[in-house]
Structure formats: C-alpha cells, structure tokens
Amino acid sequence: MTLDLNKLRQFLALAEHGSFGRAAAALRMTQPALSRNVKALEAEVGAVLFERSSAGAVPTDDGRLLIERARELVRAADELDREVSRRRIPGAGQITAGVGPYPGETILPAALSGFMAAHPLVRVRVVVRGDWDELLRRLRARELDLLVAETSTLDREHDLDIEHLPSHPVYFIARRGHPLAGRTSVSAEHTFEYPFVALSRYPPRALQPMLAARRPSDARHPGRPFPAVELVSLHGVKQLLMGSDAIAALTLASIADELSRGTLVPLVTEPWASTGYGLVRLKGHAPSAAAIRFCECLREAEAALVRDESRLVAAHWTGRKPPVARRRRGA
C-alpha cells in the first residue's frame, strides 16, 4: 500500500481542526475535495478514520492510531525536503515557528519583514495558538523549530532551551465611552463587573490574581463565565470591545492604531499584569543558520517594540508611575 503524503497532510489537518470546513479553509482547498480525499484515504487503509456528525469530525480508534503514524511520516518527509533544498540551493530552507497571539501581533510581522528581505529563499511557516501547551507538544514532536510563547509554565522543563524576552505591561482595555472610561480612578475589581474577553489562555501567574480581584464582584453577576469570550484573533477582540462594554487585557503596542484614533482606551494596569513570552527551542537540536538569523530578527523587533511602547505609555497612559517593559531573570 502506497500512501499519498498530501492526503496524510489533509487527514492531519482535519484531525487538528475537527471540522471539514475549518480544515479545508486552512488547507486552502474546497470542502468537497477534502471530503473526497479523506474517503479515498479511508478506502486505502480499509478503515473508517472519522466519526462524522453535524458537530464536526472526531477520529475513531483507527484514526487516532493513524494520526501518530502520519505525523511521523510527514515530519520525516519535511525534514528530507528541507535537507534536499539546502543541498540543492544554497541559502534555501524552511522554518516552522509556533507563536502566541501577543508576539504574533507585535514582533512577528517586523521580524518577518527583515528576515524575508535577507533570506528570500527560506520559507517561513507560522502556527499561531493561544494554548502554549499545544505548541509545546508540536515542538517536542519536531513539527516546529521554535516557539515564541508564554514561558512561565515551562521553566521546569529540562529538555527546553528558554530565552526570556522582556515582559510588557498589560492594561485593561475598553472602548471610548465605556462606563469606566470616564472615571478618575479605576481598579481591577471594577473591570470585572463587565464581561471579559481573552486573547489567549491566561497563565496561572496572571489568572490567580485576576480571580482574586474578581471575587468581590461575583455576587453581583453570579454565573457569569470568566472569561466570557476567548478569541485567538486580536482583530476579533478589538472589534468586540468597540461594539460592547466588554473589557480585555492587552498591551498598548497591540492596540497602537486604536489608541491614536481614540477608539480604545486603557483603564488600569496592575504590577502582576504583564506578558511573559520568550524564545523556546529543544535542547540537543542544533538550529539551522536560517533559524538562528530568524531569532536575531525577533530580538531586533523586540528591542524596537520596547522603544515604541515607551512612547505609547508617555502618550496614552495618565496613571501613576507608568510601567515600562522590563527584562526578566534569564532574559
């Protein structure tokens, strides 16, 4: 039996997204074509790989078994392809990076701009996730070359090489005209009287003080979920804020345009409210020259972000002792 690598990639995309529609969109192909290819793969292996329903597609026992095998085959094929490309065309190659929403919306575009100009033959694939545990799993499976994501839960992982990047203050953000926007003094406790929108999963270091600040408001809004909405799209979060009384915890750099137009405003920040991302790689796996240069571009973009953030704080934050981006231990 000869398995088609393209069909295996499509099979893995469907397993990841859990929906023919979402998987087809991610693969940039039509849903009927994806459905036909998955059915063809099932015929080739002689087993039903997914339970289909109106809710989506869930792998069967045979499907879960094939997922692990398919990942190994696709990963080996990608590594071989990269090696052949490097040997055939000097300077060619591929980098696959996993990023969290904050670095994905701030330093990543600037880093890619500089990198692409210097390395036009290198293909960069970016996987954006709000769940850093999923990114870590993919890094360990060697599906990713590096991560730029939350690191506070990873410091005790002995197989990882972690380079902490500067932390950035996070502000509780709302629309212009929000009921809290006109107050002279706003605390974190006040913000939890409104629905919260999360751009990513909150790490324990931030979630614990957030829940502690929220408890006095629970009696006024019993049963309200926290967060009320979780999105990986920064654009979606900002649109939701501007159309409702919801509040989100964001960096000033991630809403620079909205700050300049006055459509979003910072309400309050707290000492514990900050980002905690960094560069993460597997120990014992030497990075390619392209990956090393890509990390340099990320550091350069991070340094520029620190400078830009200082200007944003001076222009848009009127609270006492405006926080600044700070180096963390190990950075």
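Since we're looking at a predicted model, the values are computed, not measured.
Note that CG of Leu49 and OG1 of Thr60 are 5.5 Å apart. Values are rounded to the nearest 0.5 Å. Atoms CG and CG, on Asp161 and Leu146 in that order, are 11.0 Å from each other to the nearest 0.5 Å. Residue Phe11 holds its CZ atom at 15.0 Å from CG of Asn6, rounded to the nearest 0.5 Å. With rounding to the nearest 0.5 angstrom, the CG atom of Leu282 is 4.0 Å from the CG atom of Leu139. Annotation: the span from Ser244 atom OG to Gln239 atom CD amounts to 11.0 Å, rounded to 0.5 Å. With rounding to the nearest 0.5 Å, the separation of CG in Leu147 from CD1 in Ile162 is 9.5 Å.
Distance alone, capped at 3.5 Å, is enough to place a donor-acceptor pair between the Asp145 side chain and the Thr96 backbone. Of the possible donor and acceptor atoms, none in the side chain of Thr151 sits under 3.5 Å from a partner among the backbone N and O of Leu154. Proximity of a side-chain donor or acceptor of Arg64 to a complementary backbone N or O of Pro59 within less than 3.5 Å is detected. Between the side chain of Thr275 and the main chain of His168, a donor-acceptor pair closer than 3.5 Å is present. Judged by distance alone, the side chain of Thr263 and the main-chain N or O of Arg176 form no donor-acceptor pair under 3.5 Å.
Side chains of Asp155 and His164: a donor on one and an acceptor on the other come within 3.5 Å. Ser152 and Glu150 are linked by a side-chain donor-acceptor pair at a separation below 3.5 angstrom, with hydrogens and angles left out of the test.
The pair Glu143-Arg125 does not count as a salt bridge, with every side-chain nitrogen at least 4.0 angstrom from each carboxylate oxygen. A salt bridge is absent between Arg201 and Glu134; no separation between the charged side-chain nitrogens and carboxylate oxygens falls under 4.0 Å. Salt bridge Lys39/Glu42: absent, no basic N to carboxylate O contact under 4.0 Å. A salt bridge between Arg299 and Glu302 is absent, with no side-chain N of the basic residue lying under 4.0 Å from a carboxylate O of the acidic one.
In terms of heavy-atom proximity, Ala253 sits nearest to Leu305 at CB-CD1, 3.2 Å. Smallest separation of non-hydrogen atoms from Ala26 and His17: CB-NE2, 3.4 Å. Closest approach of Glu309 to Pro169, counting heavy atoms only: OE1-CD, 3.7 Å. The two atoms that bring Leu252 and Pro266 nearest to each other are CD2-CB, 4.2 Å, heavy atoms only. Here the closest non-hydrogen pair linking Gly236 and Leu231 is C-CD1, 3.7 Å. The minimum heavy-atom distance linking Leu12 with Ala70 is given by the pair CD2-CB, 3.9 Å.
Using the six-membered ring where Trp is involved, Phe226 and Phe196 have ring planes that are tilted, between 30° and 60° apart.
Between Leu160 and Leu136 the shortest side-chain heavy-atom distance falls below 4.5 Å. Between Phe20 and Leu14, the closest side-chain pair of non-hydrogen atoms falls below 4.5 Å. Residues Pro287 and Arg281 form a side-chain contact, since some pair of their non-hydrogen atoms from C-beta on lies under 4.5 Å apart.
Every side-chain hydrogen bond (donor to acceptor under 3.5 Å, both in side chains) that Glu296 has, sequence neighbours left out, goes to Arg293. Taking Arg175 as the reference, Asp245 meet the side-chain hydrogen bond (donor to acceptor under 3.5 Å, both in side chains) condition, with sequence neighbours excluded.
Within a 6.0 Å sphere centred on CZ of Arg52, heavy atoms belonging to other residues, nucleotides or ligands number more than 12. Counting non-hydrogen atoms of other residues, nucleotides and ligands closer than 6.0 Å to CZ of Arg205 gives a total above 12.
Connection of Leu65 to Val74 is not established within any shared hydrophobic cluster, with ILVMFWY side chains joined at heavy-atom distances below 4.5 Å, either directly or through further cluster members. A single hydrophobic cluster is seen to contain both Val126 and Tyr277, as judged by linkage of ILVMFWY side chains at heavy-atom distances under 4.5 Å, directly or through other members. By the rule that hydrophobic residues join a cluster once side-chain heavy atoms approach within less than 4.5 Å of another member, Val48 and Val45 end up as members of separate clusters.
Each of Asp62, Val58, Val38 was evaluated against Phe50; a single residue qualifies, Val38, per the side chain to side chain contact (heavy atoms under 4.5 Å, CB included) test.
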### Task
Show your reasoning for whether side chain to side chain contact (heavy atoms under 4.5 Å, CB included) applies to Asn37 and Met29.
CA-CA 11 Å; Asn37 288 348; Met29 62 186 302; 3.8 Å; yes
### Task
Give the C-alpha distance, both sets of side-chain angles, the deciding distance and a yes or no for side chain to side chain contact (heavy atoms under 4.5 Å, CB included) between Phe172 and Leu180.
CA-CA 11 Å; Phe172 292 22; Leu180 293 180; over 6 Å; no
### Task
Test Ile247 against His178 for side chain to side chain contact (heavy atoms under 4.5 Å, CB included), laying out the working first.
CA-CA 9 Å; Ile247 292 173; His178 188 281; 3.9 Å; yes
### Task
Check the pair Leu279 / Val148 against side chain to side chain contact (heavy atoms under 4.5 Å, CB included), numbers first and verdict last.
CA-CA 5 Å; Leu279 296 174; Val148 192; 3.7 Å; yes
Show me the side-chain donor-acceptor pairs of residues 103-116 shorter than 3.5 Å, one per line, residues at least two apart or across chains.
residue: Thr106; atom: OG1; partner: Tyr102; partner atom: O; Å: 2.7
residue: Ser113; atom: OG; partner: Pro109; partner atom: O; Å: 3.0

